Amino acid sequence: MNKAGILGRWTKEKSEELYGIKNWGAGYFSISDKGEVLVNPYKDNKESAISIMDIISGIRERGLDMPVLLRFENILDSQISYLNNSFAEAIKNLGYKNVYRGVYPIKVNQQQQVVEEVTKFGERYHHGLEVGSKAELIAALSVMRDREACIICNGYKDEEFIDLGLYAIKMGFKLFFVIEMPGELDIVLERSRELNIEPNIGVRIKLSAKAGGHWTESGGDRSLFGLNMSEVINLVDTLKEKNMLNSLKLLHYHLGSQIPNIRDIRSAVFEAVRVYAELVKEGAPMGYLDLGGGLAVDYDGSNTNYMNSRNYTVEEYCTDIVEAVMTTLDPSNVPHPVIITESGRTIVAYYSVLVFNVLDVASFEEYDLPDTLDDNTHEQIKNLFDVYKNINLKNIQECYNDALYYRDIIRDMFKHGNISLRERAFSEKIFWNIIHQIAREKTKLKNPPPDLREIEIAIADIYYCNFSVFQSLPDSWAIDQLFPIMPIHRLLELPKNNAVIADITCDCDGIIDKFIDLHDVRNTLPVHEVNNGDDYYLGVFLVGAYQETLGDLHNLFGDTNVVSIRISPDGHYDFVREIEGDSVADVLSYVEFDPKDMLVSFREIAEDAVREGYITPKDRKEIMKAYQDGIWGYTYYER
Ligand SMILES: *Cc1c(COP(=O)(O)O)cnc(C)c1O
């Protein structure tokens with residue numbers, strides 16, 4: 001029994017505390033008086049809260065089955081507003097003399113619905129898009145209409161990518177090519193000369209500042225992307241030589257995602273702004289400072305610098321950034337730049353909830369054992385039984401060691417034919433009762449022995465659930481990311497059981513046995529008893545960022561071409577089979593973009609550009625060709 005349950009009747013407040021929903025829910029999630037989880041995109045407005053259970057029964061009535069990923073669009077809108085308003089507030093309060101222009105990195109959730117919603121709703125804030133591949137740029141151009149918003153092009157860029165970007169600039173879009181590798185500059189300059197379109201160039205730098213956390217490999221001197229300081233100087237010199245320094249307008253860095261500590265964020269800003277000021281001194285027009293991603297989500301609700309949390313609020317993040325930029329630039333009278341962040345996680349994490357039902361439960365109950373054993377019981381089984389009879393608070397570690405010792409001896413005896421299957425089965429019952437007993441005693445200890453830390457997992461119930469960790473929670477599987485998980489109903493009842501969650505892949509990597517906790521990580525999740533035939537639903541929350549895209553669609557790269565090769569003994573070889581990989585259209589349709597609709601939509605946008613005098617009808621023809629070639633082309637780097 002869970003501790004909280006011992007005292008009196010179970011209430012909604014007890015569930016709130018047990019599952020920490022007020023800590024991680026950010027006002028979007030709460031518990032109703034009926035004991036069901038409510039979702040509310042409008043936070044304070046109580047009227048707009050709806051029960052997830054009602055949604056689920058609606059879904060069931062329509063004949064759809066679990067698992068289901070619920071997406072709450074307005075939460076996306078709310079988060080965009082929240083971030084933009086927080087920056088606006090900081091800018092106003094501190095007297096910063098420029099604006100914030102966020103961009104949403106498409107890779108964080110590439111669903112057409114998300115990208116479209118971000119640009120549509122974000123238009124009032126001129127919230128733009130960040131793209132890391134050609135496919136993402138093509139996706140961005142099908143939805144972007146706001147010419148005040150930025151389009152930031154990161155990642156490797158081939159000619160096709162660059163040409164499309166240049167055409168977008170010609171059509172009046174604020175698009176920047178961020179140079180991440182020294183070699184990229186030449187292609188950008190060459191293509192812009194060829195097409196006679198002036199590029200906007202940004203440069204991604206490697207900072208010496210590094211941040212702690214799971215996802216922060218992008219920072220530091222050895223980070224894979226970005227230019228080091230001597231490469232930056234080379235870039236400036238090349239631009240000067242070619243009389244193109246006027247194109248250098250943006251400085252970018254990306255420390256990594258989910259940065260839990262505000263100090264790391266601040267020290268990176270200080271370092272980057274110094275570089276920015278130096279580039280202005282070199283004569284570059286600049287004007288844009290792009291601080292990348294990293295704004296973290298408080299998944300466990302602890303508000304600490306633990307990797308699943310963050311020790312700052314969105315407001316503090318904005319204030320600290322604006323302040324750091326000002327204090328660094330003001331002494332040298334450098335004008336304040338437009339501040340860009342590429343915040344993805346914060347925008348989309350809250351918006352999706354994965355709901356699944358429990359299919360089956362395996363529980364490890366205690367066995368009924370006799371008080372005494374027959375005299376003819378085997379000596380070693382008697383020894384094990386003695387351990388069982390003598391457990392107390394003081395000797396649990398010793399009993400644990402003894403139990404393992406005798407269990408192993410008994411197993412060996414079985415292997416050698418010295419005891420029967422019945423005897424072995426009986427000894428296992430004793431063993432499991434010992435483990436139960438130890439686990440019970442352990443809860444009374446303030447500092448339990450380290451060996452016994454995970455003993456709960458051994459006797460936890462297993463709740464078999466209708467979903468796949470690999471498909472739906474790849475980060476839980478790959479990097480032990482914790483997400484809030486809880487029942488979405490029956491929250492006025494005491495959750496009597498402690499369980500681990502197994503998915504239907506029946507793979508041991510498909511087991512979740514780490515759960516959020518305010519002070520630590522919990523090994524089991526308190527859950528309700530499931531009677532045969534009852535529906536019991538669990539929700540995994542805050543899964544909107546990075547979870548919805550399968551690993552092999554990262555950045556909208558699809559399947560690669562497959563070629564099977566047969567090699568003969570004489571070293572001769574044949575291609576026996578070729579399988580063509582995904583086109584951009586394929587991978588975009590996987591995330592529900594319709595290539596035909598995109599073409600229609602982009603054709604209209606290009607026509608608008610003609611009407612408004614950005615391009616000629618002849619330009620339009622070329623641009624349309626580039627866009628079409630892109631759609632039907634391969635998703636990978638093309639020469
Ligand atoms: C992944 C990524 C982001 C998004 O970071 P979040 O922490 O999710 O906001 C931003 N910029 C770049 C370059 C990225 O690779």
Side-chain angles (χ1 to χ4, degrees), residues 76 79-80 82-84 86-87 100-110 114-115 118 122 127-133 136-137 140 150-157 176-181 184 202-207 211-220 223-227 250-262 264-265 268-269 272 288-299 307-310 312 314 317-318 321 339-352 474-475 479 481 542-549 551 553-557:
L76 208 67
Q79 285 298 98
I80 292 173
Y82 182 36
L83 180 62
N84 278 281
S86 300
F87 263 112
Y100 169 72
R101 290 278 182 268
V103 291
Y104 168 73
I106 292 183
K107 76 150 193 259
V108 182
N109 185 324
Q110 301 150 329
V114 174
V115 180
V118 167
H127 207 93
L129 295 170
E130 184 264 357
V131 302
S133 70
E136 288 182 355
L137 176 60
C150 298
I151 301 174
I152 304 287
C153 299
N154 292 324
Y156 292 100
K157 298 168 221 27
F176 297 85
F177 296 108
V178 176
I179 304 296
E180 310 212 22
M181 317 286 279
E184 280 182 326
V203 56
R204 175 167 180 170
I205 53 166
K206 284 181 186 170
L207 295 177
H214 259 320
W215 292 269
T216 48
E217 292 309 303
S218 321
S223 67
L224 289 177
F225 303 105
L227 307 194
L250 177 144
L251 181 80
H252 167 60
Y253 71 85
H254 175 64
L255 267 194
S257 195
Q258 184 70 15
I259 298 173
N261 197 336
I262 188 77
D264 294 335
I265 288 169
V269 177
Y288 295 84
L289 178 65
D290 175 357
L291 311 172
L295 173 52
V297 164
D298 193 0
Y299 289 98
M307 61 196 171
N308 290 295
S309 184
R310 53 164 148 79
Y312 53 90
V314 172
Y317 173 84
C318 299
I321 285 175
I339 295 175
I340 295 173
T341 69
E342 303 175 347
S343 304
R345 189 182 291 277
T346 296
I347 301 280
V348 291
Y350 294 93
Y351 125 110
S352 310
D475 281 352
I479 48 175
Q481 151 89 49
L542 277 50
V543 298
Y546 298 104
Q547 307 312 300
E548 295 187 28
T549 314
L553 271 182
H554 204 71
N555 269 128
L556 289 184
F557 285 115

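Ligands are counted one by one from 1 in listed order, and the atoms in each one are counted from 1 as well. Here, residue 1 is the first one in the sequence, and each next residue gets the next number. What you see is a predicted model, and the numbers here were worked out from it, not measured in a lab.
At a heavy-atom distance under 4.0 Å, only side-chain atoms of P105, from C-beta outward, approach ligand 1. In E342, the parts holding a heavy atom less than 4.0 Å from any atom of ligand 1 are both the side chain and the backbone.
Qualifying side chain to side chain donor-acceptor pair (under 3.5 Å) partners for Y100, counting only residues two or more places apart in sequence or in other chains: T341. Residues passing the ring pair (Phe, Tyr, Trp, His ring centres under 6.0 Å) test with Y350, sequence neighbours excluded: Y28.
Looking at V269 and Y253, their side chains come closer than 4.5 Å, going by heavy atoms from C-beta outward.
At least one N or O atom of S257, backbone or side chain, sits closer than 3.5 Å to an N or O atom of ligand 1. For ligand 1, the polar-atom distance check against R204 finds no nitrogen or oxygen pair separated by under 3.5 Å. Checking only distances, Y546 does come within under 3.5 Å of ligand 1, N or O to N or O. Among the atoms of S343, none of the N or O lies under 3.5 angstrom from an N or O of ligand 1. Annotation: H252 places no N or O atom under 3.5 Å from an N or O atom of ligand 1; distance criterion only.
Shown in contact with G344 at under 4.0 Å from a heavy atom are these atoms of ligand 1, numbered in order with element: 6 (P), 8 (O), 9 (O). Within the listing of ligand 1, atoms 6 (P), 8 (O), 9 (O) sit less than 4.0 angstrom from a heavy atom of R345.
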